[in-house]
Enquirer: 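This structure is in structure tokens; I'll ask about it shortly.
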There are 4 protein chains.
Amino acid sequence: MAAGEQRRTEIVAAAQQAIARQGFEGLRVRDVAALVGINIATLHYHFPTKEALVTGVVQGIVGALDGVLPSGPERDPATVLAEHLTHILTRFEADRDEFVVLNELYARAGRDPELHVTLLANDVAWADWLRAVFEAGRAREQFRADLDPDAAAALVIGFLKSLLVQLDMTPQRSRAAADEILRAVKA
Amino acid sequence: MAAGEQRRTEIVAAAQQAIARQGFEGLRVRDVAALVGINIATLHYHFPTKEALVTGVVQGIVGALDGVLPSGPERDPATVLAEHLTHILTRFEADRDEFVVLNELYARAGRDPELHVTLLANDVAWADWLRAVFEAGRAREQFRADLDPDAAAALVIGFLKSLLVQLDMTPQRSRAAADEILRAVKA
Amino acid sequence: MAAGEQRRTEIVAAAQQAIARQGFEGLRVRDVAALVGINIATLHYHFPTKEALVTGVVQGIVGALDGVLPSGPERDPATVLAEHLTHILTRFEADRDEFVVLNELYARAGRDPELHVTLLANDVAWADWLRAVFEAGRAREQFRADLDPDAAAALVIGFLKSLLVQLDMTPQRSRAAADEILRAVKA
Amino acid sequence: MAAGEQRRTEIVAAAQQAIARQGFEGLRVRDVAALVGINIATLHYHFPTKEALVTGVVQGIVGALDGVLPSGPERDPATVLAEHLTHILTRFEADRDEFVVLNELYARAGRDPELHVTLLANDVAWADWLRAVFEAGRAREQFRADLDPDAAAALVIGFLKSLLVQLDMTPQRSRAAADEILRAVKA
DNA sequence: TATGAATGAGAATTCATTCAT
DNA sequence: GATGAATGAATTCTCATTCAT
């Protein structure tokens, strides 16, 4: 990686950390610069405006979301679902910061049309993928015949998105909830 | 209501509106004052600091959350659950702003211990109530025997909390999801 | 004058002084605030932006230009011309700063269309007035028959505008030049 | 011309252009570098400071002023004057930028003693030359006997210097004014 | 010569808060 | 209760200049 690119990556990482700690509300470019250990003017050399820095963070986060949805279409739906839930929960437990930033981004999307478009695309892709899993599972009679794939996708996504804002959530409860999902869809 | 109390209520309402529009990130006391149509110094007369104003907003929102959970314990659990879901969805559709502010509050709770305590208390009460409903339903064999009441509560709460951040959500989809919940728990 | 208006007048005067000393190039709002003896934020309370302050200065200067052209149409053209020259020269000697700022404004007009329009209107009015004086003088046979009123106006205005940028100009030379004008137009 | 000298010339030309467009007020070394198509550090290699660059521009402009005053003393004064006026007007119409920069320099001279000295020398030489022309013309009885050579020189220089700041000036008017000068001095 | 990266010293502007009236 | 004016402490951003390569 070129030196400049490397530096920009560092800065974005620091900005993510700052947002996770203080929210967008408390994001200060000087804090980000201090976190990286560079002069504030140097930060502005790489990201001309605070807005550009935030865009960098958004791209970083959204980029990290890619690849979350496995594409192997022929696998067992129940297993795919179980693995997906486990994957997200594990990730949540491992890197809570990422979810905090994502949560801030969703809050911001309500006032930032561009961000809304970006995140909406992600949401749609996620819902599409989950729906396909539920349809496949229903077709194989693994899942309930009266399962509404679209509604089920909304429920699963909703639960996973809410992890951060269920203040009484624990790893145990989230695992139990994931198990409950698996039972609830089973034929 | 005394004149002063009346004015304070106006200011809090304006602050909620401002937060719903711009987030905490964009909350400016001068904007709130302008929204009410008073001088900024007058606002500070009623709320000495911005912090006090935010506290006022939190109290307003949390106060509005009370009474959401009906206490009649002897009623039919399936009906209670259905009504609860409908109640929240209706409320969401009617006053989205309230949910936007609440969402901002949850984001803030991660960095504000005092707010965390306040909201956690609400979450716990909500989860307790829902768990009781599920337990009652299971006892009456309305709900699945293998239903985990605590996990189911987490799922329901998660879905309802996520309404705002499911960018592709529509009234139709949310109603369908509520129906799916009712089917999923049924014995 | 209201307190606020008074303060704004003070600030504009200080800004004029600052521009006369340092040019637009060296104009710093903090210096203007210091000159008035107020906090820089107070200056911004009265003039939200530097641009607004400059506009205030322009209005002040242009306002001061009004009334320079006497309107008595029936007076003796040669006398009117002589008095006009004397008036401007006296004013130049008395308040050089005003001319320095005006000169800066003309330099700026080349890049600022709005300012160009404002100053052009002044120039046109001045030229119109002088032309009328020359025409009247020619009609009375005070001035040369082959005098081109428009060209003569351009020459007089040019000389008066150039006072500041003729670095070797002295009160004596400028008075002598004024006398030369009077001789040159005489029949 | 050595490669380095060539590059310095390019840079000075770009700086002149930048000053003509934006004034000293808006002169940015990075803009000049961009105009030349080089890195800002490369510009600083050739001109260590912004001040040095401005000095380069001043030298370029002042250098271009040399040779404006023809030295043939024995020629016909009326013709010399006419040609001088035409020469300057033609030059003004052909390269307005040069006059814009010169105008900026004169504005600056009021605050920059060194620049004042440089430009004053030019002014004095110009006035001396014109005075000599007027004296010669008077001696030959081409010009009016009561013509004050020094005052006439001040008027002519003043008019020529004011071309840029007479916002309603046109090539036609300036030519007519030159003709008026010739008539006004004639015996 | 040339450049990408870095920086110190400002620059305008914002904002919550205060105070005299 | 209400307000215009004032302010200290940031905050983002700019800019000439430097330095390692």
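Lettering of chains follows the sequences in order, A, B, ..., and the numbering in each one begins at 1.
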Enquirer: Rounded to whole angstrom units, what separation is found between the CD atom of Glu51(D) and the P atom of dC15(F)?
Expert: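 Answer to the nearest Å: 18 Å.
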Enquirer: side-chain contact (heavy atoms from CB on, under 4.5 Å) for Arg108(D) and Val58(D)? Distances and angles first, verdict last.
Expert: CA-CA 11 Å; Arg108(D) 237 196 180 207; Val58(D) 170; over 6 Å; no
Enquirer: To the nearest angstrom, how far is His44(B) atom NE2 from dC15(E) atom P?
Expert: 13 Å
Enquirer: Between atom NZ in Lys50(B) and atom P in dA10(F), what is the gap in whole Å?
Expert: 15 Å
Enquirer: Look at the side chain of Lys50(D) and the backbone N and O of Leu27(D), then say whether any donor-acceptor pair between them is shorter than 3.5 Å.
Expert: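 Side chain of Lys50(D) to backbone of Leu27(D), a donor-acceptor pair under 3.5 Å: yes, one is there.
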Enquirer: Would you kindly check if the NZ (Lys) or CZ (Arg) of Arg8(A) is within the cone defined by 45 degrees around the ring axis of Phe47(A) and under 6.0 Å from the six-membered ring centre?
Expert: no
Enquirer: Could you measure the distance from the CZ atom of Phe24(A) to the CG atom of Asp112(A)? Nearest 0.5 Å is fine.
Expert: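 One gets 9.0 Å once the value is rounded to the nearest 0.5 Å.
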Enquirer: Return the pairing partner of dT21(E) with a 3.5 Å limit on both distances, Watson-Crick or G-U wobble; otherwise return none.
Expert: dA2(F)
Enquirer: Look at Asp97(C) together with Arg21(C) and state whether they make a salt bridge at an N to O cut-off of under 4.0 Å.
Expert: no
Enquirer: To the nearest 0.5 angstrom, please state how far the CG atom of Leu43(B) sits from the CD1 atom of Ile38(B).
Expert: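 Those atoms lie 4.5 Å apart.
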Enquirer: Starting at atom CD of Gln6(A), determine the distance to atom P of dA6(E), rounded to an integer number of angstrom.
Expert: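 So the CD-P distance, Gln6(A) to dA6(E), works out to 11 Å.
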Enquirer: Let's test this: given Watson-Crick or G-U wobble pairing with both distances under 3.5 Å, identify the partner of dT7(E).
Expert: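 For dT7(E), the partner nucleotide comes out as dA16(F), under the 3.5 Å rule.
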Enquirer: Please classify the nucleic acid contact of Arg30(A) as base, sugar-phosphate, or nothing, using heavy-atom distances under 4.0 Å.
Expert: base
Enquirer: If you restrict it to nitrogen or oxygen atoms, what contacts under 3.5 Å exist between nucleotides 2-5 of chain F and the protein, and what is each distance?
Expert:
from   : atom 1 : to       : atom 2 : distance (Å)
dA2(F) : OP1    : Arg7(B)  : NH1    : 3.2
dA2(F) : OP2    : His46(B) : NE2    : 3.0
dT3(F) : OP2    : Asn39(B) : N      : 3.1
dT3(F) : OP2    : Thr42(B) : OG1    : 3.0
dG4(F) : OP2    : Asn39(B) : ND2    : 2.8
dG4(F) : N7     : Asn39(B) : ND2    : 3.3
dA5(F) : OP1    : Gly4(C)  : N      : 3.3
dA5(F) : OP2    : Tyr45(C) : OH     : 3.1

Enquirer: Side-chain donor-acceptor pair under 3.5 Å between Tyr45(D) and Asn39(D), yes or no?
Expert: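 No - no donor-acceptor pair under 3.5 Å links their side chains.
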Enquirer: Is Leu53(C) touching bases, backbone alone, or none of the nucleic acid, heavy atoms closer than 4.0 Å?
Expert: nothing
Enquirer: dC15(F), dT18(E), dT17(F): which one has an atom nearest the side-chain heavy atoms of Thr49(D)?
Expert: dT17(F)
Enquirer: Using atom CG of Asp31(B) as one end and atom P of dC15(E) as the other, report the distance to the nearest whole Å.
Expert: 8 Å
Enquirer: What integer distance in Å separates Arg28(D):CZ from dA11(E):P?
Expert: 12 Å
